[in-house]
Protein chains: 2
Amino acid sequence: MARRKQAVTIRHVAAEAGVSLQTVSRVINNEANVRAETKERVQAAIDRLGYVPSIAAQRMSGSRSYLILAVNDRTRTIADWQARQGTDWVDQMMLGGMLKCAEHGYRMIFELVDTHSDHVERELGAAIAALQPDGIILTPPHSDNPQIVDFLCEHGVPFVRIGSQRQDHGIPVSMDDEGSARIATNHLIAHGHRRIGFIAGPSDYELSGWRVDGWRAAMAAAGLDTAGLLDAGDFSHASGRAAALRLLDPPERPTAIIASNDQMAVATLEVARELGLVVPDDLSIISFDNTPIVQFAQPPLTAIDQSIAATASLAVELIIASLKGDPAPDQSPPEPPQPDQLHVVPATLIPRASVAARG
Amino acid sequence: MARRKQAVTIRHVAAEAGVSLQTVSRVINNEANVRAETKERVQAAIDRLGYVPSIAAQRMSGSRSYLILAVNDRTRTIADWQARQGTDWVDQMMLGGMLKCAEHGYRMIFELVDTHSDHVERELGAAIAALQPDGIILTPPHSDNPQIVDFLCEHGVPFVRIGSQRQDHGIPVSMDDEGSARIATNHLIAHGHRRIGFIAGPSDYELSGWRVDGWRAAMAAAGLDTAGLLDAGDFSHASGRAAALRLLDPPERPTAIIASNDQMAVATLEVARELGLVVPDDLSIISFDNTPIVQFAQPPLTAIDQSIAATASLAVELIIASLKGDPAPDQSPPEPPQPDQLHVVPATLIPRASVAARG
DNA sequence: GTGAAAGCGCTAACAG
DNA sequence: CTGTTAGCGCTTTCAC
């Protein structure tokens, strides 16, 4: 195996079927201008030889790479992996994204990129140049990083922005953050709660703001005050503890708290217990993300489930769809090709045991 | 950007530096026969232009693809993802494997393959033909699937067999299954246990047998009998329940049970509770895998931790090292591991609250 | 409808 | 030490 070559190439198939290379190519790419009978003969040869086209060669000749890049935040992703707390964001992305890719003959490649770095463009640029992916999926907080978004625009690579709502560039796919927060808040209101605290996420995630908006809107709609009921963390357990402590300190403390992610929700649960509060009797808790950890909490936490798998799957579909018309978008158009509607993947509330009715 | 081309190619760099393509290529691949001054000039041009070689083109010209394929069992992996029980095998592989790949300019691509299928070869063959990876990492149960192993041998692609001990083909990397089981068993023996039950894994995983071997050896070394103390499951919760029930039925029931994975350990815990047994007072439990779930069990489970991250990292290193023979790039050879001895990644026991001393 | 050319970006094999 | 010449496997023009 000195100089590794393709075992069976398009040439072999052409010879086997007694046609030219182009004809085989046309059959592979399901193009027109091939007689049914010829097509059949070529297909038979392909099957007989077990031929599979080399994506490197396909890419070389100006065609697709059949690669889709999924970009996640390096620091947070590695931290999650090392913590071994069961955070399964990446797994759910693979479940939805990889499988959908496979359906269409694509492959998904994971890439870790730092958000807060001055060489973001170099990192991403290198990946694009090396891999030449047909599309890119951005996840929070990258989805709303203008540096990254502008860079991808210039490059003309189609990209989806998961968890974003900005329709200026790329294809945004909202995970319904505002709606989710509203659902959670209304769930508590329906259980008789009136002082509902909210622990927001960090501000470099735009979704943090949307969730606050949803909570505010639901509270306002019910004629409830939000003064002193908002705090924030950075998604870490420690920051969740601190926020919960502040929220639960005043005598007029909230009877329920919504935390913007599971780590902070579990921290809130912990703090409540330390303060002698029984969950859910003294304090109800609703969590965001619904990672495995909340099922094992005592009590199991009611949580908002935003399907990452469904979102990733949709993202892949949207990218492939955007590729369909032209083998490559002609130029980088200043305006989006399709003023499509904003895609929203609905979230659901999973009721567990951390919410109780309130007089 | 009609026909998507590389923005900046080796040609631009050559022009910029005033040298030939070949010289640039030599610099890229860190080959000899380039004057320091020339090399510097080329490198400057590369940096200035932000040039990154296209791996598709590199692959086309008979060089590497810089892709390493990580192959996992389709059915089990998807089931784990969907179950959302916190199983983080894939995450740990990425943590160890992807990061190590990145260090060397490689990329890891995940591929799901069915083991029990007559078209395994077609599946794998297609992936190999399409991607032309420089190496493949096999995980259980693929690592000991002769069909797969033989197929890869024929293809001449270097491959690592994670969790395998067979030295006939490929590079086996043992996760010390026998040793792990011995450690767990001895831990219990040291705590005074004498009737130590063992729930084995399914037989299509060779590691299942090795773990039984380790348990048997440790028991024998301590002069303990194993009659009626061995049962088996298929790694599922349900099968774990069944096995635990059978093991705990006789009046002379074991005072401790080692389960071959976390799902079955948790199932054992559940059964124990249903039988009115207190863990660890009436029954001690040790689990294999140490996925997040065991930390959240009540009580938290003492577990054997086989570092998948370390194993995947080593696997990548071994593959890249085995590639060194070829005239290909390298920056700093950090003492590549010997490719001919059996590599064993040591496992450790993580003590938690599910083991108690016994008379 | 089909086939013959001309590369894509890069590297191996030879020159000089 | 450096440059030149062929391709790698595939898809594009463009002929027929």
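Every heavy atom of this structure was used, including side-chain atoms; hydrogens, water molecules and symmetry mates were not. Below, chain A is the first sequence line, B the second, and so on; all start at residue 1.
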When the distance from [atom1] of [X] to [atom2] of [N] is rounded to whole Å, what number comes out?
X	N	atom1	atom2	answer
A:Leu21	D:dC8	CG	C1'	13 Å
A:Ile55	D:dT11	CD1	P	12 Å
A:Asn33	D:dT11	CG	P	16 Å
A:Arg11	D:dG7	CZ	P	11 Å
B:Asp134	C:dT11	CG	P	13 Å
B:Glu31	C:dC10	CD	P	15 Å
B:Arg41	D:dG3	CZ	C1'	14 Å
B:Arg59	D:dG7	CZ	C1'	13 Å

- Query: Hey, does B:Val24 reach any base, or is it just sugar-phosphate, or nothing, if we go heavy atoms under 4.0 Å?
  - Reply: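 B:Val24: no heavy atom of the nucleic acid under 4.0 Å.
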Quick one: is [X] getting a side-chain N or O under 4.0 Å of the [N] phosphate, OP1 or OP2?
X	N	result
B:Ser25	C:dT11	yes
A:Thr9	D:dC8	no
A:Ser63	D:dC10	no
A:Ser54	D:dC8	no
A:Tyr51	D:dC10	yes
B:Ser20	D:dG3	yes
A:Thr38	C:dT2	yes
A:Gln22	C:dT2	no
A:Arg35	C:dT2	yes

Is there a donor-acceptor contact under 3.5 Å from the side chain of [X] to the main chain of [Y]?
X	Y	result
A:Thr115	A:Pro141	no
A:Arg74	A:Val113	no
A:Arg59	A:Arg64	no
B:Asp134	B:Ser65	yes

Kindly point out which of [options] is positioned nearest to the side chain of [X]?
X	options	result
A:Ser61	D:dG9, C:dG3, D:dC1	D:dG9
A:Ile10	C:dT2, C:dA12, D:dC10	D:dC10
B:Ile28	C:dC8, C:dT11, D:dC8	C:dT11
B:Met60	D:dC8, C:dT2, C:dC8	D:dC8

- Task: Side-chain contact test, heavy atoms from C-beta onward, threshold under 4.5 Å: evaluate it for B:Trp81 versus B:Val90 and give yes or no.
- Result: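 Yes, at least one pair of side-chain atoms sits under 4.5 Å.
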- Task: In plain terms, say whether B:Glu111 and A:Arg107 are close enough for a salt bridge, that is, a side-chain N and a carboxylate O under 4.0 Å apart.
- Result: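 Yes, charged N to carboxylate O under 4.0 Å.
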- Considering heavy-atom distances to DNA chain D, does A:Val8 or A:Arg26 have its closest nucleotide positioned more toward the 5' end?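 Its nearest nucleotide lies further toward 5', so the answer is A:Val8.
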